[in-house]
Number of protein chains: 2
Amino acid sequence: MVSITDIAARLGVSRTTVSLVLNNRSDQLRISDATRSRILSTAGEMGYRVNALARAASTGNSRVLGFLTTAPDEGPSARILTGAIDEATRQGFFVKVLRIHNDSALDDDALERCLEMRLGALFCVYLSGSGVQVLRDALEPHSVPLAVVDDVDTPQNCGLHILSDYESGMDAAVDHLFALGHRRIGLLMGLSEQELGARQRRHAFERAMALHQLTVVPDWVRAGDWGPNETDAVAREVLSLSPAPTAIIAGTDFTGLAVIRAARGLGLRVPDDVSILGFGDARIGDWADPPMAVVAQPFAAMGQMAVRHLLERLPQKEMPWSDPAREIRLPTELILRASTARVSQTNTQP
Amino acid sequence: MVSITDIAARLGVSRTTVSLVLNNRSDQLRISDATRSRILSTAGEMGYRVNALARAASTGNSRVLGFLTTAPDEGPSARILTGAIDEATRQGFFVKVLRIHNDSALDDDALERCLEMRLGALFCVYLSGSGVQVLRDALEPHSVPLAVVDDVDTPQNCGLHILSDYESGMDAAVDHLFALGHRRIGLLMGLSEQELGARQRRHAFERAMALHQLTVVPDWVRAGDWGPNETDAVAREVLSLSPAPTAIIAGTDFTGLAVIRAARGLGLRVPDDVSILGFGDARIGDWADPPMAVVAQPFAAMGQMAVRHLLERLPQKEMPWSDPAREIRLPTELILRASTARVSQTNTQP
DNA sequence: ATGAAAGCGCTAACAC
DNA sequence: GTGTTAGCGCTTTCAT
């Protein structure tokens with residue numbers, strides 16, 4: 001592949017001149033228009049392309065970001081990645097995706113390779129808190145900025161933490177249900193109580209309920225890392241209580257689907273007998289029966305923000321590690337569909 | 001960050017010696033065990049990490065693969081990526097994900113950047129045929145191997161093409177339905193007729209039907225790039241025909257969900273009145289109501305195979321471009337769930 | 001067994 | 001305006 005040297009040789013000028021022209025530095029250091037255009041056209045003819053590798057080696061700046069994840073194929077991770085790529089591309093950066101398997105002790109190999117590649121900055125999703133800590137400790141000495149995205153139990157001083165604004169999301173959800181006359185609202189999370197995501201949802205839910213002076217009934221609030229069948233079972237259990245909630249907020253989109261199924265299994269009509277509202281992905285609910293309303297989390301925006309903030313801090317090459325982790329919460333969006341309705345007459349008393 | 005030179009200086013040996021030891025080339029060119037261990041331990045103490053950038057610049061080999069996609073956040077793309085990353089990691093390679101927006105003329109910028117980064121090989125999904133052609137033409141002069149994954153209308157001579165084995169997948173699907181007594185089977189694809197995926201599914205479907213001497217009823221076979229509502233409408237239309245199919249194979253998982261919804265909307269019970277079988281993603285059907293049987297496509301394996309084949313061809317640095325595109329078809333898996341059942345008595349006549 | 005020297009392709013400081 | 005020189009951090013060939 002043709003190099004800067006080849007062009008210089010062909011034209012009888014120095015490599016420096018070629019480099020300057022091709023990098024558009026010619027305005028600073030003045031190159032004659034004649035030489036300039038000769039170089040440009042020759043480069044074109046010869047099919048020259050910078051060797052980004054050599055450039056990176058020379059400048060020590062790879063213009064590559066690393067994205068660490070345990071589950072690149074799950075919806076949220078993929079959305080975050082997409083948002084991140086778009087923003088990175090816009091700023092002339094690449095994204096390398098690394099998969100981590102063992103996230104508690106944090107895959108040493110992956111970390112090693114991040115450092116070897118002289119990655120400019122890193123962001124990660126779905127790591128355990130201890131994983132993030134390990135990451136942080138490894139990165140700090142090398143001043144590699146770090147951002148943690150989505151529900152990760154980020155320890156103090158671990159850089160940026162970007163997540164959904166659960167509070168406004170839950171507020172919107174409860175507001176909406178309240179406006180439809182619902183007073184008995186349950187929360188089935190589909191996430192383990194251990195996870196930050198579950199705690200955040202629960203907390204935001206309790207807060208939103210309090211704002212409306214509604215009682216949080218413990219039996220109607222359940223957490224757990226459920227598969228389809230477990231979700232079904234829990235939902236049936238909750239919907240069979242008396243009194244039962246008239247509306248259920250599901251902690252994830254898949255959980256929502258299973259709750260709808262459970263309701264139907266009990267002979268309840270959605271939304272006539274019970275309203276169901278999902279939380280998470282925007283799209284999937286559109287295919288549910290009935291189409292499921294959701295509080296959509298801003299995954300793409302989260303990836304985008306992660307990159308934007310990391311790149312802002314790149315030039316100074318210095319993370320404010322000592323500061324407590326800075327949280328950025330991005331707004332959710334309530335998407336109404338056919339799974340919520342005015343509470344039925346027989347169910348109006350709290 | 002500490003370099004090979006630092007270590008050499010500290011130890012009073014040459015950079016060469018350090019390089020040899022750290023690369024385990026010491027067996028070829030014999031280095032004394034003493035020196036060897038001194039170097040290793042010093043490297044450890046000083047926290048040395050190869051500068052992969054410099055190495056790549058020097059060897060001209062970046063050990064990075066590029067993954068081009070128009071929709072990194074869609075299920076199949078993400079699955080393929082995951083499989084690819086796993087295989088790449090296993091072989092000491094990285095994967096850079098590039099998003100392409102304009103795929104007909106192929107995002108020139110992205111291509112430019114692939115070449116600049118001296119990517120070792122590329123694989124892509126969701127490109128148009130002309131996009132692949134552009135890619136191929138740009139890559140050939142530089143001997144960059146290319147693999148096209150999944151439903152892409154790959155022109156001749158465009159390297160490897162890796163896709164699902166639609167024939168055995170459809171055979172399994174039709175076999176299964178046939179065994180349940182179904183004779184009137186429809187195919188609602190949810191993919192535009194223009195797309196390779198639709199043509200492949202249709203062809204495989206017709207073949208499978210013929211194997212069982214079943215008639216393909218044109219009215220029951222529909223293609224189109226449908227959203228939820230359009231799918232619903234088409235499904236209702238087909239299910240309202242008389243005679244109507246007793247079983248429907250949906251071309252994608254989401255389409256399957258909407259078909260179930262449409263059936264229910266018409267007062268039909270699934271699977272009692274009509275059986276429904278999805279095609280595509282393995283997981284999502286598990287959350288459907290009823291849980292939906294699917295022919296699962298081997299997305300992760302496809303990514304894995306793409307990488308494996310590309311890496312095989314890396315050393316010789318030469319693609320057999322002149323050969324017709326070599327197709328590799330990977331087996332699907334029939335996952336049975338509750339959406340299919342023996343055909344009802346009233347529906348037994350073809 | 002070790003080192004010197006040249007090379008990869010690029011950038012950057014400074015001289016002419 | 002352009003060229004010289006040195007440097008990035010590594011690899012590789014060839015002396016010693």
Side-chain angles (χ1 to χ4, degrees), chain A residues 1-40 42-43 46-64 113 115-120 142 317, chain B residues 1-40 42-43 46-64 113 115-120 142 317:
Chain A
M1 195 159 225
V2 22
S3 80
I4 206 182
T5 312
D6 300 330
I7 299 180
R10 169 96 91 100
L11 255 39
V13 301
S14 80
R15 301 193 304 164
T16 314
T17 309
V18 178
S19 172
L20 290 176
V21 169
L22 294 177
N23 291 326
N24 264 330
R25 295 276 168 78
S26 46
D27 30 306
Q28 286 183 17
L29 311 184
R30 39 277 149 98
I31 304 280
S32 72
D33 273 357
T35 314
R36 186 185 160 73
S37 63
R38 278 198 312 154
I39 290 179
L40 286 174
T42 310
M46 300 178 74
Y48 169 81
R49 259 120 194 158
V50 243
N51 184 331
L53 260 27
R55 170 181 288 169
S58 170
T59 60
N61 179 358
S62 70
R63 298 186 78 79
V64 174
R113 290 152 51 100
L115 293 170
E116 291 179 358
M117 291 309 283
R118 303 296 192 265
L119 259 22
H142 306 291
K317 267 280 192 188
Chain B
M1 197 160 222
V2 23
S3 82
I4 207 182
T5 312
D6 301 330
I7 301 180
R10 169 96 92 100
L11 255 40
V13 301
S14 79
R15 301 193 304 162
T16 314
T17 309
V18 178
S19 172
L20 289 177
V21 169
L22 293 177
N23 291 325
N24 264 329
R25 296 277 168 77
S26 45
D27 29 307
Q28 288 183 17
L29 311 184
R30 36 276 152 95
I31 304 281
S32 73
D33 273 357
T35 314
R36 186 186 160 73
S37 63
R38 277 198 312 153
I39 291 179
L40 286 174
T42 308
M46 301 179 74
Y48 170 81
R49 260 120 194 159
V50 243
N51 184 332
L53 260 27
R55 169 181 289 171
S58 170
T59 60
N61 179 0
S62 70
R63 297 186 78 80
V64 175
R113 291 151 51 99
L115 293 171
E116 290 178 0
M117 290 311 282
R118 304 298 192 263
L119 260 22
H142 306 291
K317 266 279 192 190

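Nothing here was measured: the structure is a model prediction, and the numbers come from that model. A, B, ... follow the sequence lines: proteins, then strands. Residue 1 opens every chain. All values below come from the heavy atoms of this structure, side chains included, with hydrogens, waters and symmetry mates left out.
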Distance check, rounded to the nearest 0.5 Å: [X] atom [atom1] versus [Y] atom [atom2]?
X       : Y       : atom1 : atom2 : answer
B:Asn51 : A:Ser62 : CG    : OG    : 9.5 Å
B:Ile4  : B:Leu20 : CD1   : CG    : 8.5 Å
A:Ile7  : A:Leu22 : CD1   : CG    : 5.5 Å

Are any of [X]'s side-chain N or O atoms less than 4.0 Å away from OP1 or OP2 of [N]?
X       : N      : answer
A:Ser14 : D:dT2  : no
A:Thr17 : D:dT2  : no
B:Thr35 : C:dT2  : yes
B:Tyr48 : D:dC10 : yes
B:Asn23 : D:dT11 : yes

Measure from [atom1] on [X] to [atom2] on [N] and round the result to the nearest Å.
X        : N      : atom1 : atom2 : result
A:Asn51  : C:dC8  : CG    : C1'   : 9 Å
B:Arg49  : D:dC10 : CZ    : P     : 13 Å
B:Leu53  : C:dT11 : CG    : P     : 13 Å
B:Leu11  : C:dT2  : CG    : P     : 11 Å
A:Leu20  : C:dA12 : CG    : P     : 9 Å
B:Arg118 : C:dC10 : CZ    : P     : 7 Å
B:Met1   : D:dC10 : CE    : C1'   : 15 Å
A:Ile4   : C:dA12 : CD1   : C1'   : 12 Å

Measure from the side-chain heavy atoms of [X] and tell me the nearest of [options].
X       : options               : result
B:Val13 : C:dT11, D:dG9, C:dG3  : C:dG3
B:Ser58 : C:dA4, D:dT4, D:dC10  : D:dC10
A:Thr16 : D:dG3, D:dT12, C:dG9  : D:dG3
A:Arg15 : D:dC10, D:dA6, C:dA13 : D:dA6
A:Ser32 : D:dG1, D:dT11, D:dA6  : D:dG1

For a quick check of understanding: with a heavy-atom distance under 4.0 Å over all strands, which category does A:Thr59 fall into, base, sugar-phosphate or nothing?
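Counting heavy atoms under 4.0 Å across all strands, the contact made by A:Thr59 is with sugar-phosphate only.
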Does a sphere of radius 6.0 Å around CZ in B:Arg10 hold more than 12 heavy atoms from other residues, nucleotides or ligands, not counting ones at 6.0 Å or beyond?
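No, CZ of B:Arg10 has 12 or fewer neighbouring heavy atoms, counting only those of other groups under 6.0 Å.
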Closest to the 5' end of DNA chain C, once B:Gly12 and B:Ala57 are matched to their nearest nucleotides, is B:Gly12
If we only count heavy atoms from C-beta on, is the A:Arg118 to A:Val64 side-chain gap below 4.5 Å?
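A:Arg118 vs A:Val64: side chains apart.
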